[in-house]
Every structure is written in C-alpha cells, then in structure tokens.
K.L.:
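The following block contains the structure, expressed as structure tokens.
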There are 2 protein chains.
Amino acid sequence: MLTSVDKHKGLPVYIQIMNMIKKEVMLGNLKDGDQLPPVRELSKVFDVNTNTVMRAFEKLGNEGLIEAQHGVGYFIHSTSSVDPMVIEETKKYIQDLKKKNIDLPMTKMLIEEVWKKV
Amino acid sequence: MLTSVDKHKGLPVYIQIMNMIKKEVMLGNLKDGDQLPPVRELSKVFDVNTNTVMRAFEKLGNEGLIEAQHGVGYFIHSTSSVDPMVIEETKKYIQDLKKKNIDLPMTKMLIEEVWKKV
DNA sequence: TTTAGTGTACTATTGAATTATATCACTATT
DNA sequence: AATAGTGATATAATTCAATAGTACACTAAA
C-alpha cells in the first residue's frame with residue numbers, strides 16, 4: 001500500500017508520501033482511526049531520512065487529514081473517501097481520452113485549464 | 001496569453017513557462033509556425049533572468065514542441081491541439097465533480113490513480 | 001523502573017533553480 | 001557596411017527548499 005518513492009526525480013519525496021496517503025484515504029483503503037506505519041519504519045521502506053517522512057506527516061496534520069499522538073503514532077482523521085460513482089465516471093472519461101491518444105501530462109493540463117473556466 | 005509566473009511557490013519557474021506554452025498549443029491558441037515572444041522580452045514580462053526563459057525554451061525544443069531559428073526567434077512546431085469535443089467532455093466531467101465538492105488537487109490524484117488501472 | 005516503540009526538535013549539508021554579467025553568433029533591414 | 005534585434009554560450013555567485021544526522025521526549029506494557 002505504501003511501498004516506494006522516486007528519489008530526486010520530479011516531485012519531492014515528502015510530497016510523494018503525502019499524495020500516497022491522500023490517495024489511500026480517497027480510495028477508502030485508509031479510514032478514520034486507522035494507524036499509519038511508524039515514521040522510522042516508513043523511512044526505512046522508502047530509504048529516506050525520518051525527517052522527510054515527518055515533514056509529510058506534519059503537513060498532512062496541518063491539513064487535518066491525520067493526527068499525531070506523541071509516543072504512540074499517527075492516525076487517520078478523515079471521513080472523506082470518494083463516491084464510487086465518481087470513480088466510475090472517471091474511468092469512462094479516461095478511457096475516452098486514451099482512445100484519442102491523449103497522455104497523462106496532457107490530461108492534467110487540460111483538467112487544470114478547464115477547471116479555471118468552468 | 002503569456003502573462004505571469006509564481007516565483008518560489010510550487011513549481012520551478014521554467015516549468016511553469018513550459019506548461020503555459022504547452023497549454024496554449026493544446027488549446028489551439030498557438031499554432032504551428034507561430035512565433036514566440038523573444039527570450040529577453042519574456043524575461044522582462046515574468047521578471048526573471050533570461051537564462052530561466054532559455055531553459056524553458058531549450059527543454060521545449062528537446063521535446064520537439066518548438067524550434068529555434070538563430071538570430072530570428074522561436075517558433076511553434078506542433079500540430080497537436082486537442083479536439084474541441086474532448087474539451088466539451090472535460091467541461092462536463094469537471095462540472096460534475098464540482099457539484100460533488102471535489103477540489104482540483106483531489107481530482108488530479110483521482111485521475112492519476114484511475115489512469116494506472118484503466 | 002526499565003525497556004521498547006513511538007513522535008519531536010535542532011542543526012548541518014546538499015543540490016537544483018535562479019541570478020548576474022558578459023560576450024559571441026546569426027539574421028534582416030537600411 | 002552598419003545597425004538593431006534576435007538566439008547561444010559561459011562562468012561565477014547566490015539562494016532556498018529538500019534532505020540528512022543526531023539527540024531528545026513521550027507512552028505503554030512488562
């Protein structure tokens with residue numbers, strides 16, 4: 001579930017970690033109250049410094065998505081997974097784009113651009 | 001059309017510049033053969049060093065999206081704008097997400113995640 | 001009270017991004 | 001030939017986010 005990061009390629013590692021967790025929450029794989037792996041463990045798994053994981057967790061804390069219990073661990077604090085209908089709709093949308101040979105970076109830009117105007 | 005960048009906030013400026021141009025091409029606002037503003041001019045507009053603009057243009061050149069004519073200027077070298085139908089479809093998709101109070105960052109992650117699986 | 005497991009805090013280092021500056025090279029117009 | 005406008009190259013310096021190194025603090029259970 002939380003497996004690997006790309007070091008020094010593209011996004012900062014701590015952002016990658018944040019995104020992983022956000023995705024898992026979004027998909028419903030991590031739910032309110034669930035405990036996250038310890039900072040040290042993740043730092044080993046990802047082969048990065050504990051501070052890098054800490055930074056990710058801190059920021060997620062600021063966003064209110066997780067909460068720390070000193071000496072105990074980090075816990076998910078969110079009830080907001082995405083409606084399965086939305087995922088289905090997204091699948092259809094993406095299938096259509098792929099048929100038309102539009103790639104992921106292009107799609108992201110398209111979404112960003114249209115988002116401003118709609 | 002090419003107006004401003006956010007310095008020291010999020011993405012590197014040279015990437016922001018690349019994305020701006022890619023978007024304009026995607027939307028059909030910049031077409032094959034169109035000349036881009038001079039490097040010096042853009043560096044003034046964005047209030048960044050010429051090297052930063054050059055870097056963006058160099059990279060776009062490597063990707064084949066633009067071409068340099070030494071002593072003359074940079075020109076768009078691409079015929080790939082997005083089908084207006086796709087833009088319409090994207091509008092509908094986004095309107096639906098907005099109704100369900102899903103925000104842009106969440107949407108981007110959703111797209112990324114579903115992209116892998118479809 | 002000891003121990004193992006957890007989060008926290010502080011400082012130092014690194015490296016990509018950006019700037020500053022200067023100079024060279026090519027093109028088109030006059 | 002001269003000039004103005006353009007891109008190309010080079011080097012050094014700077015800045016700041018990202019990451020690492022290391023030691024401290026809290027919790028729970030034995």
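Note on naming: letters A, B, ... go to the chains in the order of the sequence lines (proteins, then strands), and numbering restarts at 1 for each one.
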K.L.:
How long is the span from the CD1 atom in A/Ile17 to the CG atom in A/Leu11, to the nearest 0.5 Å?
P.N.:
11.5 Å
K.L.:
Rounded to the nearest angstrom, tell me the gap between atom CG in B/Leu42 and atom P in D/dG5.
P.N.:
17 Å
K.L.:
Which comes earlier along DNA chain D counting from the 5' end, the contact point of B/Gly73 or that of A/Ile15, where each point is its nearest nucleotide?
P.N.:
B/Gly73
K.L.:
For DNA chain D, determine which residues of residues 50-57 of chain B have any heavy atom closer than 4.0 angstrom to one of its atoms, and list them numerically.
P.N.:
B/Asn51, B/Met54
K.L.:
Which whole-number value in Å describes the distance from B/Gln69 CD to C/dA25 C1'?
P.N.:
15 Å
K.L.:
For the residue pair A/Phe57 and A/Tyr74, categorise the inter-ring angle as parallel (less than 30°), tilted (30 to 60°) or perpendicular (more than 60°).
P.N.:
perpendicular
K.L.:
So that I can tick it off, tell me whether B/Lys100 and B/Asp96 are bridged by a salt bridge, with the cut-off set at under 4.0 angstrom between side-chain N and carboxylate O.
P.N.:
yes
K.L.:
Side chain of B/Ala68 only, heavy atoms from C-beta on: which candidate in D/dT27, C/dA20, D/dA8 is closest?
P.N.:
D/dA8
K.L.:
Any cation-pi pair here, A/Lys98 with B/Trp115, using under 6.0 Å and within 45°?
P.N.:
yes
K.L.:
Would one find a side-chain N or O of B/Tyr14 under 4.0 angstrom from OP1 or OP2 of C/dT19?
P.N.:
no
K.L.:
Do B/His70 side-chain and D/dA8 base share a donor-acceptor contact under 3.5 Å?
P.N.:
no
K.L.:
Could you list the donor-acceptor pairs under 3.5 angstrom formed by side chains in residues 34-48 of chain B, with sequence neighbours left out?
P.N.:
residue : atom : partner : partner atom : Å
B/Asp34 : OD2  : B/Lys31 : N            : 2.8
B/Gln35 : NE2  : B/Val72 : O            : 3.3
B/Ser43 : OG   : B/Arg40 : O            : 2.9

K.L.:
Rounding to a whole Å, what distance do you find between A/Asn49:CG and D/dA23:P?
P.N.:
13 Å
K.L.:
Let's test your reading of the model: under 3.5 Å, does the base of D/dG5 pair with the side chain of B/Arg40 as donor and acceptor?
P.N.:
no
K.L.:
Whole angstroms only, please: what is the CE-P distance between B/Met18 and C/dA17?
P.N.:
11 Å
K.L.:
Rounded to whole Å, how long is the line connecting atom NZ of A/Lys59 with atom C1' of D/dA17?
P.N.:
10 Å
K.L.:
Using heavy atoms to find the nearest nucleotide of DNA chain D for B/Pro37 and A/Asp47 separately, return the residue whose nucleotide is more 5′.
P.N.:
B/Pro37
K.L.:
B/Glu41 has an atom CD; how far is it from atom P of D/dA4, in whole Å?
P.N.:
18 Å
K.L.:
On the nucleotide C/dT8, are OP1 or OP2 found under 4.0 Å from the side-chain N or O atoms that A/Tyr74 carries?
P.N.:
yes
